Undergrad: 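Here it is, the structure in full.
These figures come from a predicted structure and were not determined experimentally. One-based numbering, in listed order, for ligands and for the atoms of each.
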Amino acid sequence: MTKTILITGGTGFIGSNLCRQLMRDENNKIICLDNNYTGSLSNIEDLLYNPRFQFIEHDVIHPLEINEKIDEIYNLACPASPPAYQGRRAIFTTKTCVYGAINTLELARKNDAKILQTSTSEVYGEPLIHPQAENYRGNVNPIGIRACYDEGKRAAESLFFDYNRIYGTKIKVVRIFNTYGPYMDPNDGRVVSNFICQALRGENLTIYGNGTQTRSFCYVDDLIEALIKTMASEDDFLGPVNLGNPAEFTIIELANLVIKKINPSLNIISKPLPDDDPTQRRPDISLAKQKLNWQPKIDLSAGLDVTIKYFADKLNQEVAK
Ligand code: UDP
């Protein structure tokens, strides 16, 4: 059966990987919508001329008018890297989360479409429970520099559940933990892209703080599989469900792994730790295992190898320009 699927944030890192995977099914027609603030058309240039693929330049802050019948919506639109969502863009980030949720939910309601919200591990803030399960309500600083994203995403979750309770909208909410892989923006400031690009350029790696903070890194193909499985899950499974790789690493361990793989003569330099940077983060994925029959397959070393190759090609292209 043919399906029309809208992906907001479709030119971003996760969005473009999702577009590409869904396009592999010939029954799918994809509408990719983005304002290209942190996404880029170059991430989807191989898809642009496929007749089953349509790109719309639009900001989800404004109502969405799409004349076609939509069957499924993945709402991914939001800058996700701290340097991109904070600072002067902070108010815009909250608007993207909140208005973006309302505008995509309204579209889902009109179309009787299923809609999946990509929430985040940031809803747990500086977690006091470790690892984090979905029933943990979190410890977010509501007035800190990350709050625009954390609270924006929390408000979006509440809007999704209210649309479900009030209008019966078919919702799914996933909480995505740190994800990496091809089509990340080399300049977006996140740790995996920073470390790999620094090492490839022969620069020392910048660790913020003492580097003992932890993160759990999921390779993007594993995450995409989980997103598609969540959309296909039973209608009464709404989430929220954690999606991530539970293997936890300190930032120093990550730096050393990247140095070993790319250039063992490089060093680590220390930079100040940003405010409210979470100390530790690891998903409890029991619910995803049980409800989606999903768990990540690609470990950090294997995922980094593919990602390093992607960035090496991308940096070479930039040099050649
Ligand atoms: N980080 C770092 N060096 C960098 C970029 C980030 O040490 O060049 C740290 C950052 O302070 C955080 C962790 O790596 O503790 C993950 O940062 P990222 O921005 O990738 O994701 P998030 O903080 O949103 O989990």
Undergrad: Can Arg89 be said to sit on top of Phe92's aromatic six-ring, NZ or CZ under 6.0 Å from centre and within 45° of the ring axis?
TA: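 Positive - Arg89 is close enough to the ring of Phe92 and near enough to its axis.
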Undergrad: So, for Pro274 and Tyr208, which heavy atoms are closest and what is the spacing to 0.1 Å?
TA: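 Heavy atoms only, the tightest pair is CD-CB, 3.8 Å.
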Undergrad: With Arg20 as the cation and Tyr183 as the aromatic partner, state whether NZ or CZ is under 6.0 Å from the six-membered ring centre and within 45° of the axis.
TA: yes
Undergrad: Answer yes when Arg146 and Glu122 have at least one side-chain N-carboxylate O distance shorter than 4.0 Å, and no when they do not.
TA: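 Yes, this pair counts.
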Undergrad: Would you kindly say whether Ser301 and Asp299 are connected by a side-chain donor-acceptor distance under 3.5 Å?
TA: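 No, Asp299 and Ser301 have no side-chain donor paired with an acceptor closer than 3.5 Å.
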Undergrad: Which protein residues have a heavy atom under 4.0 Å from ligand 1?
TA: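 For ligand 1, the residues that come within the 4.0 Å heavy-atom cutoff are Pro82, Glu122, Arg146, Asn178, Gly189, Arg190, Val191, Asn194, Phe195, Thr206, Ile207, Tyr208, Gln213, Arg215, Ile251, Pro274, Asp277, Arg281.
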Undergrad: Once ring-ring contact (aromatic ring centres under 6.0 Å, His included) is applied, do any residues pair with Phe13, and if so which ones, sequence neighbours excluded?
TA: none
